[in-house]
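One structure is given below, encoded as structure tokens.
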Number of protein chains: 2
Amino acid sequence: MTANNDVAHDKLIAYFEKRTPLTESDKQLIRKLYTIKKLKKKEFLFRQGEYCKYEGFVTAGAFRLFYTDDKGLEHVLYFAFENWWVGDMASFYEHEPSALNVQALQESELLVIDEQHKEQLYAQIPALEKVFRVITQKHLTVLQKRFLVTVSANAEARFNELIQRCPTIEQLVPQHQIASYLGILPESLSRMKKQIAKREMG
Amino acid sequence: MTANNDVAHDKLIAYFEKRTPLTESDKQLIRKLYTIKKLKKKEFLFRQGEYCKYEGFVTAGAFRLFYTDDKGLEHVLYFAFENWWVGDMASFYEHEPSALNVQALQESELLVIDEQHKEQLYAQIPALEKVFRVITQKHLTVLQKRFLVTVSANAEARFNELIQRCPTIEQLVPQHQIASYLGILPESLSRMKKQIAKREMG
DNA sequence: AAAAAGTCTTAACATACATCAAGGAATTGG
DNA sequence: CCAATTCCTTGATGTATGTTAAGACTTTTT
């Protein structure tokens, strides 16, 4: 285990300790059960149609989770940065082929755990049941908000909502992937931004 | 406590027992902490902007959970029937005004619990932490699927997906609310069904 | 440095669905 | 059982966004 590995595990342990107290042996277990995985830019943690074998905690870099539809269009579900979780629960727990691709946007690092070790983690640190219940609830509320915005607002309002919620996003991911997150084509986003600029000049 | 009350609690206890073993005292606690609530057709459990004070388990009838946008359009997030959960987690746990309305589509009955009693439930029956973690994961995967279908398929494909997944839905809720679930106007759904019928006659 | 791959912009045209308007059918409620 | 709602359908027209095509600019790879 290198010094760098410890930094990654330190981040995860700090994340857990914000949510529940941990003993030293808890921390040792966490270091044992989560393993480091490094991905180069454009590499995939897993692809649509494969099984999501790992749940991942991002310790460095950035990811996008997206679905490719039958016309070949990509739809970004969310971007994940440091301290975010990536995975496909339906696939991880129900052993279904995943509907999602998880791809690194830059050289990135995660801590991953497979289902068996996750169950071991719950068995040995029951307090993490509550932690992950709360995390999952939070994810659900974020997705619900995202869904309601998507169905009720037009592309420009969705764009404004994104910029307000995540002001640095335009520095972090290319514009065509922002379009894909917003549910429009790159051409449409380009057009839209020109319209906005014209209006703000006028 | 009437005989009818016991039926409702029996349903909830049966639901829990499918997921974890319960002692007699667990069951007694569940009967104590969840209380019956009956709603007439069109009554609300809570409205958008109010606080979601109760998480509810539907024991009879049907509900719709919907968001009304700033143009006054209603967007159905989901319909809930027997053995489904209703509520707004963001509001229930974070004490924010709810983004959702929860309305009975018929004379309906639920078992409700407030946050304090929910915490008491977790404290006294820790196994329910896991049960609700898994339930919440399941809700998240269902919502993720719904989101991906919504952004990647056109209205007709979304309609077909709904009918296939829930073949009785057209008998259960009026067509304009199905339109609202699909994210289109009633006029569009009516037109669409005419097109489908014409094509199938052809 | 050159080549290749990826990214952004613009424009003309197409389309799915919204909007507006109106009348008829079905259901509900007094 | 009649009146009042609520619900459904149809048509004409509008609009946000998709589609296709092409060129310019940028970054990565060789």
Side-chain angles (χ1 to χ4, degrees), chain A residues 39-43 62 64 66 68-76 79 103-107 149-162 169-199 201, chain B residues 39-43 61-62 64 66 68-76 79 103-108 149-162 169-199 201:
Chain A
L39 293 178
K40 297 214 178 71
K41 186 170 177 174
K42 298 198 185 175
E43 276 193 309
R64 65 175 179 135
F66 68 99
T68 305
D69 69 26
D70 35 8
K71 278 164 283 178
L73 281 176
E74 296 178 353
H75 303 271
V76 170
F79 300 108
Q103 186 185 31
L105 294 170
Q106 326 159 2
E107 189 147 12
V149 168
T150 298
V151 298
S152 67
N154 65 17
E156 184 172 335
R158 298 198 302 272
F159 176 70
N160 292 332
E161 191 275 338
L162 174 63
I169 193 72
E170 290 190 277
Q171 281 74 62
L172 298 172
V173 310
Q175 184 167 310
H176 69 279
Q177 285 177 17
I178 292 179
S180 166
Y181 180 93
L182 294 175
I184 59 178
L185 295 178
E187 295 93 324
S188 297
L189 180 54
S190 181
R191 185 170 32 204
M192 201 182 84
K193 289 179 81 169
K194 195 171 77 165
Q195 283 303 112
I196 293 171
K198 195 197 318 189
R199 215 181 311 144
M201 287 287 289
Chain B
L39 294 178
K40 296 215 177 70
K41 187 170 177 173
K42 297 196 186 182
E43 273 192 311
R64 65 176 179 134
F66 67 100
T68 304
D69 68 26
D70 35 8
K71 280 163 284 180
L73 280 177
E74 295 177 354
H75 303 271
V76 170
F79 300 108
Q103 185 184 32
L105 294 170
Q106 325 159 2
E107 189 147 13
S108 297
V149 168
T150 298
V151 298
S152 67
N154 65 18
E156 185 171 334
R158 299 198 300 272
F159 176 70
N160 291 333
E161 192 275 339
L162 174 64
I169 193 73
E170 290 191 275
Q171 281 76 62
L172 298 172
V173 311
Q175 185 166 311
H176 70 279
Q177 285 179 14
I178 291 179
S180 167
Y181 180 92
L182 295 175
I184 59 177
L185 294 179
E187 294 93 321
S188 296
L189 181 54
S190 179
R191 232 185 312 258
M192 198 181 86
K193 290 179 78 171
K194 196 171 75 165
Q195 283 304 109
I196 293 171
K198 196 200 310 189
R199 215 181 312 145
M201 287 288 289

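Lettering of chains follows the sequences in order, A, B, ..., and the numbering in each one begins at 1.
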Boundaries of the DNA chain C segment in contact with chain B, non-hydrogen, under 4.0 Å: dC17(C) to dT28(C)
Is there any protein nitrogen or oxygen under 3.5 Å from a nitrogen or oxygen in nucleotides 25-27 of chain D, and what are the pairs?
none

Using a cutoff of under 3.5 Å, can you pull out all pairs of nitrogen or oxygen atoms linking the protein to nucleotides 5-12 of chain D, with atom names and distances?
residue, atom, partner, partner atom, Å
dC7(D), OP2, His176(B), NE2, 3.4
dC8(D), OP1, Gln175(B), N, 3.0
dC8(D), OP2, Gln175(B), N, 3.4
dC8(D), OP2, His176(B), N, 3.0
dC8(D), OP2, His176(B), ND1, 3.1
dT9(D), OP2, Gln175(B), NE2, 2.7
dT9(D), OP2, Ser190(B), OG, 3.1
dT9(D), O5', Ser190(B), OG, 3.1
dG11(D), OP2, Lys194(B), NZ, 3.4
dG11(D), N7, Arg191(B), NH1, 3.3
dA12(D), N6, Arg191(B), NH1, 3.2

Quick one: list whatever passes salt bridge (Lys or Arg N to Asp or Glu O under 4.0 Å) with Glu156(B), sequence neighbours left out.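 Here the qualifying residues are Arg199(B).
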What's the [atom1]-[atom2] distance between [X] and [N], to the nearest Å?
X: Met192(A); N: dT15(D); atom1: CE; atom2: P; value: 19 Å
X: Leu73(A); N: dG18(D); atom1: CG; atom2: C1'; value: 9 Å
X: Asn154(A); N: dG18(D); atom1: CG; atom2: C1'; value: 15 Å
X: Gln195(A); N: dA16(D); atom1: CD; atom2: P; value: 10 Å

Check side chain to side chain contact (heavy atoms under 4.5 Å, CB included) between Thr68(B) and all other residues, then give those that pass, not counting sequence neighbours.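 Side chain to side chain contact (heavy atoms under 4.5 Å, CB included) check on Thr68(B) returns Gln48(B), Phe66(B), Glu74(B), Asn101(B).
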Based on the rotation axes of five pairs at each end, what angle does the helix from dA1(C)-dT30(D) to dG30(C)-dC1(D) bend through, to 10°?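 That helix has its two terminal axes inclined by roughly 60°.
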Rounded to the nearest 0.5 Å, how far apart are CD of Glu187(A) and CD1 of Ile184(A)? 10.0 Å
Any side-chain donor-acceptor pair under 3.5 Å between Gln106(A) and Lys40(A)?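 Not at all, the side chains of Gln106(A) and Lys40(A) share no donor-acceptor pair under 3.5 Å.
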Got a sec: does the NZ of Lys41(A) have more than 12 other heavy atoms crowding it under 6.0 Å?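 It does not: Lys41(A) NZ has 12 such atoms or fewer within range.
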